[in-house]
**Student:** 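I am attaching a structure below and will ask some questions about it afterwards.
First listed ligand is number 1; within each ligand, the first listed atom is number 1. This one's a predicted model, so the numbers in the text were calculated from it and none came from an experiment.
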Amino acid sequence: MAKVWSVLEVLRWTTTYLQEKGVDNPRLDAELLIGAALDKDRVGVYLAYDQPLQQAELDTVRALVKRRALREPLQYILGQVEFWALPFKVTPAVLIPRADTEVLVEEGLKALEPQSGAVLDVGTGSGAVAIALAHSAKVRVLAVDISAEALQIAHINAQNNGVAELVTFAQSDLHALEHGSYRLLVSNPPYITSAQMQELMPEVAQHEPALALHGGEDGLDAYRSLARQAPMVLELGGWLVVEVGQGQADAVADIFRAAGLKQCYQRCDYAGIARVVGASTGSDGERDG
Ligand SMILES: C[S@@+](CC[C@H](N)C(=O)[O-])C[C@H]1O[C@@H](n2cnc3c(N)ncnc32)[C@H](O)[C@@H]1O
């Protein structure tokens, strides 16, 4: 007779297996995968420790665990991630929104505080930044991306989060933006260097879209383009606010200043890494706040 597995036994086995495969948080991932297979949240999994698994349930768990063992990101397997306390559908067509990017949203909101206005989100991916800004500030956002597949997912996310009326999506190349008079141009563009592209974790290298990652030889291609175009895309006194990779903030600030942008500032993420650079098309002087 085949062995009957309890939830706790499967959890222990899965944790060890994922650990052996080099997965970072094996216990947490095991809980979430088993929960997805059994349609339970983490508390539901704890409460079901002694429950025996039916063969069909075991097969579902095995299929999910196999995918994670091959280093497919947990978020793609679950199909969803939380960002800015909102649910986002994610597929391999979009970058998985990172918690660090919430700092970009915070800075975008600050830029809109003294004077609100229309927002342009360049490289929207899942729509995370555009949707978070629209949700919090109730502003109109044009969200662009070069990837039609990403835009489809972003559109679903806008609907799911109740901001489809505020956010418009369009396919566009960040190197050829249209003239406008936006108050805020916000972007988390691709910024990984060619050398770093060779050293990414398997979850990122093999599963996330390269288009969302590679920012050219030195990772700074998008920033040069955005800084050059900012004066024709933004109203006078508008803000260009971008996420940057670790160690890129000073170089990006130099690019912004060389392009004639003013009031350049940097903001660290919660790990103390300079993560956001902003600058204005407005007057000289220090930025408030
Ligand atoms: C780092 S991801 C950011 C996604 C999302 N904004 C976020 O913060 O999670 C960069 C995005 O830029 C898009 N992208 C790459 N090259 C582009 C280009 N030339 N023009 C417009 N979008 C581009 C990618 O498709 C991807 O969705």
**Student:** Any nitrogen or oxygen of Asp173 lying under 3.5 Å from a nitrogen or oxygen in ligand 1? Just yes or no.
**Tutor:** yes
**Student:** Should the proximity of Ala212 to ligand 1, defined as any heavy atom under 4.0 Å, be assigned to the side chain, the backbone, both, or neither?
**Tutor:** both
**Student:** Could you tell me whether Lys110 and Glu113 make a salt bridge, using a distance below 4.0 angstrom between a side-chain N and a carboxylate O?
**Tutor:** no
**Student:** Evaluate Leu95 for polar contact with ligand 1, using N/O atom pairs at a separation under 3.5 Å.
**Tutor:** no
**Student:** Only one of Leu33, Thr14, Asp29 forms a side-chain contact (heavy atoms from CB on, under 4.5 Å) with Leu64, so which one is it?
**Tutor:** Leu33
**Student:** For ligand 1, is there an atom lying under 4.0 Å from some heavy atom of Pro190?
**Tutor:** yes
**Student:** Does any N/O atom on Ser126 come nearer than 3.5 Å to any N/O atom on ligand 1?
**Tutor:** no
**Student:** One thing to verify: whether Arg68 and Glu72 come together as a salt bridge, which I'm taking to mean a side-chain N less than 4.0 angstrom from a carboxylate O.
**Tutor:** no
**Student:** Considering only NZ, NE, NH1 and NH2 on the basic side and carboxylate oxygens on the acidic side, decide whether Glu243 and Arg98 come within less than 4.0 Å.
**Tutor:** no
**Student:** With heavy atoms only and a cut-off of under 4.0 Å, state how Ser187 meets ligand 1: side chain, backbone, both or neither.
**Tutor:** neither
**Student:** Counting neighbours of CD on Gln246 that are heavy atoms of other residues, nucleotides or ligands and sit closer than 6.0 Å, is the number greater than 12?
**Tutor:** no
**Student:** If you measure from each non-hydrogen atom of Thr101 to ligand 1, which part falls under 4.0 Å: side chain, backbone, both or neither?
**Tutor:** side chain
**Student:** Test your reading of the structure: does Ile146 have an N or O sitting under 3.5 Å from an N or O of ligand 1?
**Tutor:** yes
**Student:** Pick one of side chain, backbone, both or neither for how Ser172 approaches ligand 1, counting any non-hydrogen atom pair under 4.0 Å.
**Tutor:** backbone
**Student:** Checking the N or O distance criterion of under 3.5 Å, is ligand 1 in contact with Asn188?
**Tutor:** yes
**Student:** For ligand 1, which atoms, with element, lie under 4.0 Å from some heavy atom of Leu174?
**Tutor:** 17 (C), 18 (C), 19 (N), 20 (N), 21 (C)
**Student:** Give the atoms of ligand 1, by number and element, whose distance to some non-hydrogen atom of Pro97 is under 4.0 Å.
**Tutor:** 9 (O)
**Student:** Per the side-chain contact (heavy atoms from CB on, under 4.5 Å) rule, which among Leu109, Val139, Val119 passes with Leu184?
**Tutor:** Val119
**Student:** Examine distances only and state if a side-chain atom of Arg140 and a backbone atom of Glu165 form a donor-acceptor pair shorter than 3.5 Å.
**Tutor:** yes
**Student:** Val144 to ligand 1: N or O pair under 3.5 Å?
**Tutor:** no
**Student:** Quick one: does Asp145 get an N or O within less than 3.5 Å of an N or O on ligand 1?
**Tutor:** yes
**Student:** For ligand 1, is any non-hydrogen atom under 4.0 Å from Val94's backbone (N, CA, C, O), its side chain (CB onward), both, or neither?
**Tutor:** neither
**Student:** Starting from atom 15 (C) of ligand 1, what is the nearest protein heavy atom, named by residue and atom, and what distance separates them?
**Tutor:** Leu211 O, 3.1 Å
**Student:** Name the option, out of Gly245, Gly123, Gly125, that contains the heavy atom nearest to atom 6 (N) of ligand 1.
**Tutor:** Gly123
**Student:** Over 60° means perpendicular and under 30° means parallel, so tell me whether Trp13 and Trp5 are parallel, tilted or perpendicular.
**Tutor:** perpendicular
**Student:** Once the angle between the rings of Tyr46 and Tyr49 is folded into 0 to 90°, is it parallel (under 30°), tilted (30 to 60°) or perpendicular (over 60°)?
**Tutor:** perpendicular
**Student:** For Trp239 and Thr281, which I'm curious about, is there any donor-acceptor pair between the side chains at under 3.5 Å?
**Tutor:** no
**Student:** Say whether Asp218 and Gln248, considering side chains only, have a donor N or O and an acceptor N or O under 3.5 Å apart.
**Tutor:** no
**Student:** Out of Thr124, Ile192, Val90, Leu213, who is nearest to atom 5 (C) of ligand 1 when you count heavy atoms only?
**Tutor:** Thr124
